[in-house]
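Here's a structure for you.
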Amino acid sequence: MGSRNHPYYRVVVSDSRKTPLAEALEEIGHYDPRQEPSVFEIDMDRYEHWRQNGAGVSETVRKLVARG
């Protein structure tokens, strides 16, 4: 997402058995590193729901959640 020289990321839940370009199961947040301070918003209830149901978390999302 975003545009040239302005990155904007969605935090999504996707099925690992499908291609990376497949539709996401759910969008649970977003991250905008260009704003000052950077904006990271995530629905922690949905994040925990998916974690309890066996979803893996990427290292990047893990670091962003730990950062707050």
Taking only residues two or more places apart in sequence, or in another chain, which ones meet Gln35 in a side-chain contact (heavy atoms from CB on, under 4.5 Å)?
Asp32, Val39

Strictly by ring pair (Phe, Tyr, Trp, His ring centres under 6.0 Å), give each pair with a member in residues 48-68 just once, sequence neighbours left out.
none

Pairs satisfying salt bridge (charged side-chain N to carboxylate O under 4.0 Å, His left out), at least one member in residues 7-16, at least two apart:
Arg10-Glu27, Asp15-Arg17

With side chains defined as the heavy atoms from C-beta onward, is the minimum distance between Pro33 and His6 less than 4.5 Å?
no

Using distance only, find each side-chain donor-acceptor pair of residues 40-47 under 3.5 Å and give its atom names and separation, not counting sequence neighbours.
{"from": "Asp43", "atom 1": "OD1", "to": "Asp45", "atom 2": "N", "distance (Å)": "3.2"}
{"from": "Arg46", "atom 1": "NE", "to": "Glu26", "atom 2": "OE1", "distance (Å)": "3.3"}
{"from": "Arg46", "atom 1": "NE", "to": "Glu26", "atom 2": "OE2", "distance (Å)": "2.9"}
{"from": "Arg46", "atom 1": "NH2", "to": "Glu26", "atom 2": "OE1", "distance (Å)": "2.9"}

Starting from Val12, walk the hydrophobic network (Ile, Leu, Val, Met, Phe, Trp, Tyr; side-chain heavy atoms closer than 4.5 Å) and list everyone else you reach, by chain and number.
none

Could you tell me which residues satisfy side-chain contact (heavy atoms from CB on, under 4.5 Å) with Ser58, sequence neighbours excluded, listed by chain and number?
Thr60, Val61

Who pairs with Ser14 by side-chain hydrogen bond (donor to acceptor under 3.5 Å, both in side chains), at least two apart in sequence or on another chain?
none

Could I get the full list of ring-ring contact (aromatic ring centres under 6.0 Å, His included) partners for Tyr8, not counting sequence neighbours?
His30

Quick one: salt bridge (Lys or Arg N to Asp or Glu O under 4.0 Å) partners of Glu59, sequence neighbours excluded?
Arg62

Not counting sequence neighbours, which residues clear side-chain contact (heavy atoms from CB on, under 4.5 Å) with Ala66? List them please.
none

